[in-house]
Amino acid sequence: MTENELHVTRTCRIPLSELEWRFTGSGGPGGQHANTSNTKVEVRFDVEGSPSLGPRQRARLLQRLGPLVRVVASDERSQTRNRDLAMARLRQRLADALRVERPRRPTAPSAAARRRRVESKRKRSDVKRLRRRPDPE
């Protein structure tokens with residue numbers, strides 16, 4: 001991440017001006033400091049209205065994440081560390097949604113693999129047969 005951009009992938013960079021930040025007080029116990037500081041961070045990214053996305057990127061993000069991506073971080077007691085966490089989580093969510101999965105080509109097991117499978121089944125069957133009680137005859 002540079003000063004004014006969020007680098008998601010090699011081809012996707014989002015200006016920080018497109019992100020909407022909100023800071024609130026974190027819930028839970030925390031002592032004197034907790035009630036006075038807004039350490040919980042929420043960052044929102046408008047996928048539909050972003051001019052920095054290409055048409056394919058926008059379509060993929062809309063399909064996988066929806067029109068608005070929202071990330072919340074309240075793990076740390078510092079707003080700065082929560083900001084960094086929120087940025088990292090947003091980057092990861094966007095990168096995962098933009099990843100293109102290669103189509104799987106169905107394959108068949110080779111003749112040697114089939115032979116090994118049948119042989120191992122036969123050996124296992126022999127082991128189990130030898131463990132049985134012998135016939136009284």
Side-chain angles (χ1 to χ4, degrees):
M1 178 177 70
T2 62
E3 248 353 90
N4 55 2
E5 284 184 328
L6 173 67
H7 291 271
V8 179
T9 62
R10 283 186 291 127
T11 58
C12 181
R13 292 190 173 103
I14 298 169
L16 295 184
S17 59
E18 291 186 27
L19 302 179
E20 181 185 330
W21 294 90
R22 217 167 95 189
F23 305 100
T24 56
S26 291
Q32 297 170 334
H33 177 70
N35 297 328
T36 60
S37 58
N38 294 327
T39 57
K40 181 178 179 180
V41 175
E42 177 183 337
V43 62
R44 294 169 153 211
F45 175 59
D46 182 18
V47 175
E48 281 183 323
S50 174
S52 60
L53 294 174
R56 283 192 220 136
Q57 290 174 334
R58 180 175 289 110
R60 183 167 279 120
L61 288 176
L62 284 172
Q63 178 190 11
R64 294 185 179 173
L65 298 177
L68 187 73
V69 180
R70 179 178 165 265
V71 176
V72 177
S74 63
D75 303 13
E76 303 286 337
R77 290 173 58 180
S78 160
Q79 188 186 92
T80 308
R81 289 194 300 250
N82 281 334
R83 278 179 68 111
D84 294 341
L85 272 174
M87 290 287 279
R89 289 176 186 170
L90 179 65
R91 178 187 305 116
Q92 190 61 48
R93 277 189 76 185
L94 293 175
D96 289 346
L98 287 172
R99 188 167 291 121
V100 179
E101 296 292 327
R102 290 188 311 176
R104 184 188 178 281
R105 291 195 190 91
T107 58
S110 66
R114 284 194 300 264
R115 211 172 17 258
R116 285 191 302 267
R117 180 182 146 270
V118 170
E119 185 59 34
S120 71
K121 285 171 69 98
R122 187 176 294 119
K123 284 181 184 175
R124 189 73 186 143
S125 172
D126 290 344
V127 166
K128 288 187 170 196
R129 188 175 38 79
L130 289 172
R131 287 182 187 159
R132 285 188 210 144
R133 222 177 267 259
D135 284 340
E137 299 172 6

Novice: Less than 4.5 Å apart, side chain to side chain, heavy atoms only: is that true for Thr24 and Glu42?
Specialist: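 No - every pair of side-chain heavy atoms lies 4.5 Å or more apart.
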Novice: Should the pair Arg116-Glu119 be classified as a salt bridge under the 4.0 Å nitrogen-to-oxygen rule?
Specialist: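 No, no charged N to carboxylate O under 4.0 Å.
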Novice: What closest approach, in Å, do Gly25 and Asn38 show between heavy atoms, and which atom pair accounts for it?
Specialist: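 Shortest heavy-atom contact: N-OD1, 3.4 Å.
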Novice: Looking at every heavy atom in both Ala97 and Arg64, which two are closest together, and how far apart are they?
Specialist: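 Heavy atoms of Ala97 and Arg64 come nearest at O-NH1, 2.7 Å.
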Novice: Is the shortest heavy-atom distance from the side chain of Arg44 to the side chain of Leu68 under 4.5 Å?
Specialist: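 Side-chain contact under 4.5 Å: yes.
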Novice: Would you mind checking if Asp84 and Arg81 are paired as a salt bridge, meaning a charged N to carboxylate O distance below 4.0 Å?
Specialist: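 Salt bridge flag = no for Asp84 with Arg81.
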Novice: At their closest point, which heavy atom of Val8 faces which heavy atom of Ala95, and how far apart are they?
Specialist: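 In this case the closest contact between Val8 and Ala95 is CG1-N, 3.5 Å.
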Novice: Side-chain contact, heavy-atom cut-off 4.5 Å: Met87 with Leu16?
Specialist: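 A side-chain contact under 4.5 Å exists here.
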Novice: Going by salt bridge (charged side-chain N to carboxylate O under 4.0 Å, His left out), name the pairs with one or both residues in residues 100-114, residues two or more places apart or in two chains.
Specialist: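 The answer is none; no pair qualifies.
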Novice: Look at the side chain of Arg93 and the backbone N and O of Arg70, then say whether any donor-acceptor pair between them is shorter than 3.5 Å.
Specialist: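 Judged by distance alone, yes, a pair lies under 3.5 Å.
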Novice: Distance check, rounded to the nearest 0.5 Å: Ser120 atom OG versus Arg115 atom CZ?
Specialist: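 Here the interatomic distance stands at 13.0 Å.
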Novice: Going by side-chain contact (heavy atoms from CB on, under 4.5 Å), Val71 matches just one of Leu85, Leu90, Leu94. Which one?
Specialist: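 Running side-chain contact (heavy atoms from CB on, under 4.5 Å) over Leu85, Leu90, Leu94 with Val71 returns exactly one hit, Leu90.
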Novice: For Ala86 and Val41, work out which heavy atoms get closest and say how close.
Specialist: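 Closest pair (atom of Ala86, atom of Val41, distance): CB-CG1, 4.0 Å.
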Novice: Can you tell if the side chain of Leu62 reaches within under 4.5 Å of the side chain of Glu48, non-hydrogen atoms only?
Specialist: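 In contact.
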Novice: Partners of Gln63 by side-chain contact (heavy atoms from CB on, under 4.5 Å), sequence neighbours excluded?
Specialist: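 Testing Gln63 for side-chain contact (heavy atoms from CB on, under 4.5 Å), a comparison that skips the adjacent residues, returns none.
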Novice: Would the distance check show the side chain of Gln57 and the main-chain N or O of Gly54 forming a donor-acceptor pair, the cut-off being under 3.5 Å?
Specialist: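 Checked: pair present.
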Novice: Could you tell me the separation between the OG atom of Ser52 and the CZ atom of Arg58, rounded to the nearest 0.5 Å?
Specialist: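 Answer rounded to 0.5 Å: 8.0 Å.
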Novice: Is any side-chain heavy atom of Phe45 closer than 4.5 Å to a side-chain heavy atom of Leu53?
Specialist: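 Yes, their side chains come closer than 4.5 Å.
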Novice: Quick check: do Val43 and Arg89 have side-chain heavy atoms less than 4.5 Å from each other?
Specialist: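 No, every pair of side-chain atoms sits at 4.5 Å or beyond.
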Novice: Between Leu6 and Arg91, is the side chain to side chain contact (heavy atoms under 4.5 Å, CB included) condition met? List the steps.
Specialist: CA-CA 7 Å; Leu6 173 67; Arg91 178 187 305 116; 3.6 Å; yes
Novice: Could you tell me which non-hydrogen atom of Val72 sits nearest to which non-hydrogen atom of Lys40, and how far apart they are?
Specialist: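 Between these two residues, the closest heavy atoms are CG1-CE, 3.5 Å.
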Novice: Using side-chain heavy atoms (C-beta onward) and a distance below 4.5 Å, is Val127 in contact with Arg124?
Specialist: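 Sidechains of Arg124 and Val127: in contact.
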Novice: Can you sort out the partners of Gln92 under side chain to side chain donor-acceptor pair (under 3.5 Å), two or more places apart, ordered by chain and number?
Specialist: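 With sequence neighbours excluded, Gln92 shows a side chain to side chain donor-acceptor pair (under 3.5 Å) to Asp96, given in chain and number order.
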Novice: If we ignore hydrogens and angles and just use 3.5 Å, is the side chain of Asn82 paired with the main-chain N or O of Thr39 as donor and acceptor?
Specialist: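 The answer is yes, because a donor-acceptor pair under 3.5 Å joins these two groups.
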